[in-house]
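A quick write-up on the structure given underneath.
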2 protein chains.
Amino acid sequence: MIHIHEVAKLTKITVRTLRYYDQIGLLTATSKTEGGHRLYSEEDMKKLQQIQFLKGMGYRLQDIKEMLCDAKWNWPISLKSQLVYIMEEQERLGSIESSLRELINSIAIEGGDDHLAIQKLIQLSNQNKTKLRTFRENMFNDKQLELWTRLPKMKGKDPDSLEWIALLGQIKRHMKDDPASLRVQNIIRRMLEKQMEEFEGEDEFINKLWELRKSPSQSEKLGLYPIEQEVLEFMERAYEIYMSSEHNGSTQQGGVL
Amino acid sequence: MIHIHEVAKLTKITVRTLRYYDQIGLLTATSKTEGGHRLYSEEDMKKLQQIQFLKGMGYRLQDIKEMLCDAKWNWPISLKSQLVYIMEEQERLGSIESSLRELINSIAIEGGDDHLAIQKLIQLSNQNKTKLRTFRENMFNDKQLELWTRLPKMKGKDPDSLEWIALLGQIKRHMKDDPASLRVQNIIRRMLEKQMEEFEGEDEFINKLWELRKSPSQSEKLGLYPIEQEVLEFMERAYEIYMSSEHNGSTQQGGVL
DNA sequence: ACTTGAAAGTGACGTTACGTCATTTCGTAT
DNA sequence: ATACGAAATGACGTAACGTCACTTTCAAGT
């Protein structure tokens, strides 16, 4: 028979919690002193361990109470349903994670105008996803849909997506410069390099994508991150300067972001 | 200017929630009728969308309030810390998932005696993990530690682990039979087949593991799922019968679970 | 036996984001 | 003017305790 303070020290459960468990009838001390102080037995300690364990599994105290009272509780069923619940929660958090990455990356592109980025994302998230998908599936054939999955994504955590985002951010910050300036031309060159790495020989897809990009309404329907008209035009001018100056081996144009 | 009921219909947010947002000062209706009925403006609707979006990101209402009030809020920092928080939560749920699978699989082995399985798992989970690892690292060399990772695990969701668990469960249910019976011999044969698939040529490791298995205290220190002495002896007898009857090409013995 | 300080006891309120009554007032149609 | 739906306010409940505030009990020292 040990005192509540001892139990607290041994189990790392606070005294308040032990009293609360008593209060809700989850774990009542086996006996009490005549003055009313709780005295816990070895049995109580074991039950307490079970409670801690099940709480660690994510169960609520009410459920634990029922489980431990009912001697013929159906463990397999409740464990499996708890597993399903935990997996659903993980999925939910996973999609939150994607959204957060998307938002963080958007802000990296906008470079300071945070509210604008948030507004854009809200626009995107308010469209429902099924409509997006069917529209995409009408626009592209199977092979192109496979290519679509390899595009950099705003919600991506891969270095490839992150570099595209950084490049677009740089473009936006150099909009006041001459599109023929060395800085801008370097960014364009890097974009084309990356585009070739992933999409060499897929000129048709790239050109189609770029045409869609230039139409704000089409881009929106595809769920593409909105890029302002003047940014796109700036990129196109810079691209043409780049191609006419020294490089003219390829017919592809545009960017894949 | 629209009424609260309209807002509720448009945004799928309940009237109660809108009033609550007003109460905590998160979203106060722009104006009111002289009787005190709330009237929401377009501005309010936009703010409401932002609130919904941020709540979807997992923020608390208090945080959202601060974010939207403070015009120069540092979004990148708070978004990144929120991302870290979400990822930690995912990790936590991931380890809960492992524990649940472990428990479900244990019960599958014990075949009915649920409380026993839970007791065993509590024993295991009460040992702290770092102590387990250092003991293991003292017992095995590098190559054997790599082999260790390929052992079936109680928390596993792979078909391989699941089959080992099923096999052990069958053994336990046939303990009353003769170890020479066809059923038991078939189970043993299947175990040896699986063992050969994964661990062919690693006889030294297998034998060492089996010796450790036969010592309850060593097994416990290694964090191996406890198997009763009589079950192990039964398996060994069945194994010897199997080898002496017709198969004697290999010197390996024991099971890897 | 008496004192005293530590520890135990019992409320009660706060936390989060609302749901769910109960009661009263407002707006509008007839 | 009246009736009726809709809006407002207020209060209580949720889960699992943390944190006071105040009182009583325990165990040791004198």
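Reckoned from all heavy atoms, side chains included, excluding hydrogens, waters and symmetry mates.
For the pair B:Glu34 and B:Arg60, both in contact range of DNA chain C, the more 5′-proximal nearest nucleotide belongs to B:Arg60. Sequence order on DNA chain D of the closest nucleotides to B:Gly36 and A:His37 puts B:Gly36 first from the 5' end.
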Show your working on salt bridge (Lys or Arg N to Asp or Glu O under 4.0 Å) between A:Arg19 and A:Asp22 and close with a plain yes or no.
CA-CA 5 Å; A:Arg19 285 202 272 253; A:Asp22 191 349; over 6 Å; no
Could you walk me through whether A:Thr14 and A:Thr17 pass the side-chain hydrogen bond (donor to acceptor under 3.5 Å, both in side chains) test, one step at a time?
CA-CA 5 Å; A:Thr14 66; A:Thr17 300; 2.7 Å; yes
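Distance A:Gln62 CD to D:dG13 P: 15 Å, rounded to the nearest Å. Taking atom CD1 of B:Ile4 as the reference point, atom C1' of D:dG5 lies 15 Å away to the nearest angstrom. Regarding A:Leu39, its CG atom lies at a distance of 13 Å from the C1' atom of C:dG9, rounded to whole Å. The distance from atom CG of A:Leu27 to atom C1' of D:dA16 is 15 Å, rounded to the nearest whole Å. Separating the CE atom of A:Met1 from the P atom of D:dC26 is a distance of 16 Å, rounded to the nearest angstrom. Between the NZ atom of B:Lys9 and the C1' atom of D:dG5 there is a distance of 13 Å, rounded to whole Å. Rounded to whole Å, the distance from NZ on B:Lys32 to C1' on D:dA7 is 11 Å. The NZ atom of B:Lys65 sits 14 Å away from the C1' atom of C:dT16 (whole-angstrom rounding).
In this pair, B:His3 and B:His37 present their aromatic rings perpendicular. The plane angle is above 60°, beyond the 30 to 60° band.
Taking the charged nitrogens against the carboxylate oxygens, B:Glu43 and B:Lys47 have no contact shorter than 4.0 Å, which rules out a salt bridge.
Checking A:Lys194, A:Arg150, A:Lys153 one by one against A:Asp160, the salt bridge (charged side-chain N to carboxylate O under 4.0 Å, His left out) holds for a single residue, A:Lys194.
A salt bridge (charged side-chain N to carboxylate O under 4.0 Å, His left out) check over residues 80-105 of chain A, counting only residues at least two apart or in different chains, returns the pairs A:Glu89-A:Arg92, A:Glu97-A:Arg101, A:Glu97-A:Lys157.
A:Lys55 has a side-chain polar atom (N or O) that falls below the 4.0 Å cut-off from OP1 or OP2 of D:dC17. The phosphate of D:dT9 has OP1 or OP2 within less than 4.0 Å of a side-chain N or O from B:Arg38. The side chain of B:His5 contributes an N or O atom lying less than 4.0 Å from OP1 or OP2 of D:dA7.
Side chain of A:Thr11 to backbone of A:Val7: a donor-acceptor contact under 3.5 angstrom is found.
Residues of residues 12-26 of chain B that place a heavy atom closer than 4.0 Å to DNA chain D, in numerical order, are B:Arg16, B:Arg19.
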